[in-house]
> 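Structure in structure tokens, see below.
Order of appearance sets the numbers: ligands from 1, and atoms from 1 within every ligand. Every heavy atom of this structure was used, including side-chain atoms; hydrogens, water molecules and symmetry mates were not.
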Amino acid sequence: MNTSFWLDIAVQTPAHSGVGGLLSYRSPQPVAPGQLVRVPLGRREVLGVVWRAQSEAPAGIAASALKDIGAVLEGISPLDEAWLKLVQFSAQYYQRSLGEVALSALPPQLRDLDPVQLARRLKKLPAATAPVQAAVGPTLSTQQADVLQQMAQQAGPFLLFGNTGSGKTEVYLQAVQRLLQADPQAQALLMVPEINLTPQLEARVQERFGVEAVVSMHSGLTGPQRLKSWLAAHTGAARIVLGTRMAVFASMPQLKLIVVDEEHDASYKQQEGARYSARDLAVYRGRLLGAQVVLGSATPSLESWYQSRPADAAGDPGGRYVRLHMPERVGAAALPQVRRVDMNHQARRAVLSAPLLQTLQDRVAKGEQSMLLLNRRGYAPVLHCADCGWKSECKHCSAFRVFHKIDRTLRCHHCGFTDRVPRACPECGNADIAPMGRGTEQLEEHLGELLADVRRPDGGPVRIARIDADTTKLKGALESQLAQVHSGEVDILVGTQMIAKGHDFRRITLVAAINPDSALFSSDFRAPERLFALLMQAAGRAGRDAGQGSRSEMLVQTFHPTHPLFEALKRHDYPAFAASELTDRTAAGLPPISHQALLRADARSQDVAQGFLSTARSTLEDMLTTMPGGPELLEQVSLYPAVPLSMQRVADVERAQMLLESPSRSDLHKVLSQLHAVLHHLRSQPEHKGVIRWLVDVDPQAI
Ligand code: ADP
Ligand code: ZN
Ligand code: ZN
């Protein structure tokens, strides 16, 4: 007698091998769904996740043609049904193969270790789940207690809207604590945008719940560390997982609470492979599990703000989220006063206005710290020939290369193409070529010259530091630079948006936005939203310890001082900003009123890329026209013509995209699933051979 069991197994498959994408295998013994196994694939043996067990051999395939699975990773209990569902939903929603999503949601080492090595790792794991002894937190403020009570009474999902410093993190911690007290098995997931920017939070969580109970999950961990965290979460030994977007896929069998801090942050959206939104998946996962979900922010995404709108008298039933508001800051620390500097009244082409320079001097003289925020885009210095108009273009990209003074190179920030600064203009031979525009590097230098005579209270000269992508390339560089700022070794900090994120700059009393205007008129409709969040965040982080002496201040240099965005900023009024943005978005039919997806194609020429998209569009239209229900779908979903991306060429690859937009999410998805079939078909046609890749981005961040 020879019994067989038939298994459908998810393995790492090429991106577009079909949304289903499971492979069939035979096993001599029964294996449960969710079990990790090793299976032969081509000449290799790879990790797989058992998705389904079938009682009969799959139709149309000779049973003898199916291969046997290899080892079963018995030391690891099967992934639960909810996890399989989460992955299945993600693959479908973001239009990728199941195998790709499933396998990339697992720690890479799991793929590489053989069962013997793995067994060795498993032995080292803390075995039992110890009850967590939480340290006592501070007494809650009234608004914190109120919010926690509402969370106990309602199902959510919740949008916790509260200024930086209003005590949101404390609410998360106490919610976790309450959960662990009520249910000794329960697990909680705390998600943050970028963990290396929030070491303070990690320390705070560990301090409250003990080092044993907490594990981290982010891309900065080594392979073994990630595996260890993953296993601890999977076995239930870890009660709290603190992680970045990838943590939304952590296997947590007892997950009861999910917190997404800074939920508006763009880094929750994965930008390659399956382009998932960890925030949106957190909400989905919460509903799937009956777990509570809290999204927190001082400047919520307009999506979440809109989802949490209250019902109104005109018949709008309101959104699906419950909005909780914490308007007051702990300790009543005042938000900085916002002052707009009208650049129309400053010297032409001045980078630093007279009022800003004056204020900087005053702060330095008083021994206080300042922070200058730069918008990097349009701020990187390009080399320019005044005679013939030559500029330092990248020959591989539709972008200019940037002048780096430190090693006298021209560097493309998109493809990395670098060479030495030419001695003379490559076009006309003019020796007098010069940088145009000022980068962070130049600003730092320029500032030093302008403030050369200013003295600190101890008589020393002003100390300026710059933090940006260039100064923080080395591991640990950002941390050590920030430590210098925190310890007071820096008077003026110059940097791009990365300095405004996640840090407590309690001793900084002046924040200045040098050139925020470009975001007001950007072709990217989310640019104003991002700018507002950035400035509010910078304002909220600064000056909490400013003391009685001087109130902290934010200076905004702008040519448009009466713009509604800056009016709202001056009053620290996110709801006013959101209302005006939503009015604009509604008028233009943009998200969150509508839903979008992008189809992108890359090729050696724009013609090929756009040709592929245009054919896809017309084929799809033809198909829908003749399909039952298709014409109605076409009415609900707009298919826009193919256009080049705003960064059209990168590393000699031409990029084009086509936008799909609909007021109905489900209609959009119906069309997308048809599109998938169309794309597979087209790709095999000889006239589209030149297409290097195509991808679908559902709910794209930028269009
Ligand atoms: P947010 O996450 O909204 O920025 P936090 O929870 O980090 O706010 O709180 C800001 C500061 O106030 C932190 O230093 C925190 O320890 C402190 N804090 C929060 N809640 C309380 C409270 N109820 N009593 C005393 N201090 C508190
Ligand atoms: Zn020239
Ligand atoms: Zn380039």
> Between the side chain of S229 and the main-chain N/O of M217, is any donor-acceptor distance below 3.5 Å?
no
> With a cutoff of 4.0 Å, is R204 in contact with ligand 1, counting heavy atoms of the residue only?
yes
> What I want to find out is whether K269 reaches D697 closely enough, with some N-O distance under 4.0 Å, to be called a salt bridge.
yes
> Does E553 pair with R339 as a salt bridge, N-O distance under 4.0 Å?
yes
> Answer yes or no: is there an ion pair linking D602 with R693, defined by an N-O contact shorter than 4.0 Å?
yes
> Taking distance alone, with N or O pairs closer than 3.5 Å, would you say P138 contacts ligand 1?
no
> Please identify which atoms of ligand 1 are closer than 4.0 Å to at least one heavy atom of N163.
3 (O)
> Using a 3.5 Å cut-off and no angle test, enumerate the donor-acceptor pairs between side-chain atoms of residues 415-433 and protein atoms at least two apart in sequence or in another chain.
from	atom 1	to	atom 2	distance (Å)
T418	OG1	G416	O	2.7
D419	OD1	R401	NH1	2.9
N430	OD1	D432	N	2.8

> Quick one: which ligand 1 atoms are inside 4.0 Å of a heavy atom on L140?
23 (N)
> For ligand 1, which atoms, with element, lie under 4.0 Å from some heavy atom of S141?
23 (N)
> Please check: side-chain N/O of K256 versus main-chain N/O of L179, any donor-acceptor pairing under 3.5 Å?
no
> Taking C-beta and beyond as the side chain, do M151 and V294 meet within less than 4.5 Å on heavy atoms?
yes
> Strictly below 4.0 Å, N to O, side chains only: are D524 and R530 in salt-bridge contact?
yes
> Classify the contact between Q144 and ligand 1 as side chain, backbone, both or neither, using a heavy-atom distance cut-off of under 4.0 Å.
side chain
> Does one side chain, of S166 or Q143, offer a donor that lies under 3.5 Å from an acceptor on the other?
no
> Which residue pairs pass the side chain to side chain donor-acceptor pair (under 3.5 Å) test with at least one member in residues 170-182, sequence neighbours excluded?
E170-Q174, E170-R208, Y172-D261
> Report yes if the side chains of Q292 and F158 come closer than 4.5 Å at any heavy-atom pair, otherwise no.
yes
> Atoms of ligand 1 less than 4.0 Å from T139 heavy atoms?
22 (C), 23 (N), 24 (N)
> Sum up the protein N, O or S atoms located under 2.8 Å from the Zn ion (ligand 2).
4
> Where do Q187 and A238 come nearest, in terms of heavy atoms and distance?
NE2-O, 2.8 Å
> Please confirm whether the backbone N or O of K395 pairs with a side-chain atom of E393, one donor and one acceptor, at under 3.5 Å?
no
> Which count of protein N, O or S atoms is obtained for distances strictly below 2.8 Å from the Zn ion (ligand 3)?
4
> Please work out which of D261, V330, L160 has its closest non-hydrogen atom nearest to atom 27 (C) of ligand 1.
V330
> Just to check, does G162 reach to within less than 4.0 Å of ligand 1 when the distance is taken from its heavy atoms?
no
> Main chain of G162, side chain of Y574: is a donor-acceptor contact present, judged purely on distance under 3.5 Å?
no
